[in-house]
Amino acid sequence: MWTIVGAHTEYTVAVDDSGSWLELIAWGAHGVSEGPSPLAFHGRPQYMTRGDVAAVEYATDGQRPFLGADLVVIAADGTRSVSWRFVDAQFADAERVDAAQPDGGLRATFADEVSGLRVVQCYRFAPGTDVIERWAEVHNDGTAVLRLEVLGSAGFNVPTPHGARLSYLCGQWSQEFTPETVEQSRGRFEIGSGQGVTGHQFSPYLAVNDQGDLNATWGVALAWSGSWRIAADTDAAGLTRIRAGRALTDGSIPLAPGNSLTTPVAAGAYSAEGIDGLARVWHTYERHLAGERLDRIRPVVYNSWEATYFDVTAAGQLALADAAAELGVETFVVDDGWFAGRSDDYGGLGDWTPDRAKFPDGFGAFVEQVRHKGLDFGLWVEPEMVNPRSALYAEHPDWVYRVDGRPMTMIRNQYLLDLGREDVFNFVRETLDGLLRSYPISYLKWDFNRPRTEPGRPGTAPADLDLDGAHVRNLYRILDHVRREFPAVTVEGCAAGGARVDLAMAARTDVVWPSDNTAPLDRLRIQHGYLAAHAPHLMSSWVTDAPGLFDNRPRSLAFRFVLASAGVLGVGADITRWDASDRKQAAAWITRYKHVRDVITRGEVHRIGDPSQPRCAVQYMLGDRIVVLAWNPGPLDGLGRVPARDVRLPLHGLDPGGRYRHGDTVYSGSHLSAVGLPVRWTAEHDADMIELVRAGQGGR
Ligand code: DGJ
């Protein structure tokens, strides 16, 4: 039996009596393992196997034949039903599981003599967090090819004696990160993507509560940016089993003798403070993934996309840059439309040379002009793509995914390059190196505007390939390369809005773009959902002029600035059209944001209320400083004409006896927690940024 220990959480597993598998004993707050396991069962399994009932951590189809296996392997003779036996384990105890001992945790090895399959099940708490990282290393020690048909990263067992409550994030383009819940007393729930990319439809995130206790909350998320699945099975005996891993939608993967394969990390999180507490656990984890890059200042960007779309000209961009510099923006990002052949979305992708007609004095001169205004320069790219109307496609039609003899599916007038090919990988890497070496680019926005459809590489038998694995791994190689070679460059991850937001991208990009929907009330909903799973230092957001796609009630400029300040502030409006008063307000908001951004990007987050209520706020807390961003998402007319009382925002995590100052007002911690911070909405005042600081002894 081993107990792996995190910051406030522990995870205990043991080899079962027959030496067949690891079973979960307990997962929760420190000390939770001392006592009878809530996962142990009594009574005899009827009409099923022990492996279907027990809290097995990672099971083959031979071990759990009925209720879904984590790993299914087909031997060379076509037989299935592989099983294994425990071989040995390496364990580094709690004291050694820290940054100085990165190999801490547990590695338990299981082997199958018949097929030669050997699997190491790996566990490790990310240092300083309550997230346990789990993955499997799958080896073929035999003499024949093994085919992997189901390749889970891990299974997580959660006691749900009263049935499970499952919370997840779903959506579509422009509606990402919509929170939903399902009460599942029995049965299977599954989310995933078969698109070769994380996808808009679901985030690889699932939270589980017992229906009788909404405080103790377990979460699972997956660090993978290709096809994936997370399934939750709730059985009749009070157990919910979550299986997370890649989805092998193209068919099984070959594993040749002597070869091995490591699954993506499936991360498990625990909080005793409900879904919002779980969000904080994920935030801490994503900050850990950012490492030292958390300390870098994410610049206030101006992005030209919504102002100019494809109508990019040097003069137009410089006019925007002038206005942006005046507002206090730090980085000017030229979005899509800057390269040859890109006057619309029918052409140009693949030909990454600046358009001479749009930049008649040369692109280098243009970049210098932007920088001369005191702005850093950023550029949009979509390196994994090609338009048929491009020189690249004319030269390398075989570089795109294609099934021999079948038509290709066009989405947004473009095809996806087969990045798993070494020649395509080299092309993409050299393209980026070329751009980053030729121009002083300090910000790169990496976009991805279509999923993969065709599961084929011309001239290669599909059975020999793992297209999804090869593509995603090479994407990570290039992102890692960019970080290594150009450490000063801030990278923004984007995929037609938020279609590639996951833990793997959180580890490789500095910010992500959650959605193309920048309309105030729509965005408020999206950001609220996003913060359930992801940290604010990653959340890029712009103030724009966009009317609502789903809720078109207008909101003030202040509302839009406070909203975009909830993560990494940007501006995307046509600011050349803003009048002097708007510009003055905007400059003041940007100054305020710069003053509080360390609290926002690094502070402890508490979401208060939600966007369907008049009470909707996010509280950020760092040391003695608290920033509350508050919005009124409700109707504005009528406010102030009839008697009403202030909206109160109950703050969290305060010292009840402490004193907190906002301007000239001093509140007790107890008042702010129990009664709440007052805000008064009027038709003109629909949002606020409130800064509080903990006062010293005696009040002020
Ligand atoms: C989709 C992105 O999400 C947008 O921000 C923008 O970059 C467009 N692509 C450009 O084509």
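First listed ligand is number 1; within each ligand, the first listed atom is number 1. Position 1 is the first residue of the sequence; numbering continues from there.
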Check your understanding: Heavy atom under 4.0 Å from ligand 1: found in N449's side chain, backbone, both, or neither?
Key -> side chain
Practice item. Identify, by atom number and element, the atoms of ligand 1 in contact range of K445, meaning under 4.0 Å from any of its heavy atoms. Key: 4 (C), 5 (O), 6 (C), 7 (O)
Check your understanding: Which ligand 1 atoms, with their elements, are less than 4.0 angstrom from a heavy-atom of G497?
Key -> 3 (O)
Review point. Are side-chain N/O atoms of R296 and T490 paired as donor and acceptor at under 3.5 Å?
Key: yes
Study note, to complete from the structure: protein heavy-atom neighbour closest to atom 4 (C) of ligand 1 works out as D516 OD1, 3.4 Å
Review point. Any chance the side chains of W380 and E492 put a donor and an acceptor closer than 3.5 Å?
Key: no
Practice item. Could you pull out, from D335, N303, V381, the option with a heavy atom nearest to atom 6 (C) of ligand 1? Key: D335
Review point. Do the side-chain N and O atoms of T409 and E454 include a donor-acceptor pair separated by under 3.5 angstrom?
Key: yes
Review point. Short list, please: which atoms of ligand 1 are under 4.0 Å from a heavy atom of D336?
Key: 10 (C), 11 (O)
Exercise for review: Determine, using heavy atoms of E306 and all atoms of ligand 1, whether some pair is separated by less than 4.0 Å.
Suggested key: no
Review point. Going by atom types alone, do D610 and S612 pair a side-chain donor with an acceptor below 3.5 Å?
Key: yes
Review point. What pairs meet the side chain to side chain donor-acceptor pair (under 3.5 Å) rule with one or both residues in residues 317-332, with sequence neighbours excluded?
Key: S304-Q317, T308-Q317, D322-K373, E326-R583, E330-R597
Practice item. Between E492 and ligand 1, find which residue part has any heavy-atom pair under 4.0 Å and reply side chain, backbone, both or neither. Key: neither
Review point. Does an N or O from R412, backbone or side chain, lie closer than 3.5 Å to an N or O of ligand 1?
Key: yes
Point to revise | Short side-chain donor-acceptor distance under 3.5 Å, Q414 and N449 | key: no
Check your understanding: Which of the atoms of ligand 1 are close to C494, meaning less than 4.0 Å from one of its heavy atoms?
Key -> 2 (C), 3 (O)
Exercise for review: Evaluate the ring planes of F202 and Y168, with Trp represented by its six-membered ring, and classify them as parallel (under 30°), tilted (30 to 60°) or perpendicular (over 60°).
Suggested key: tilted
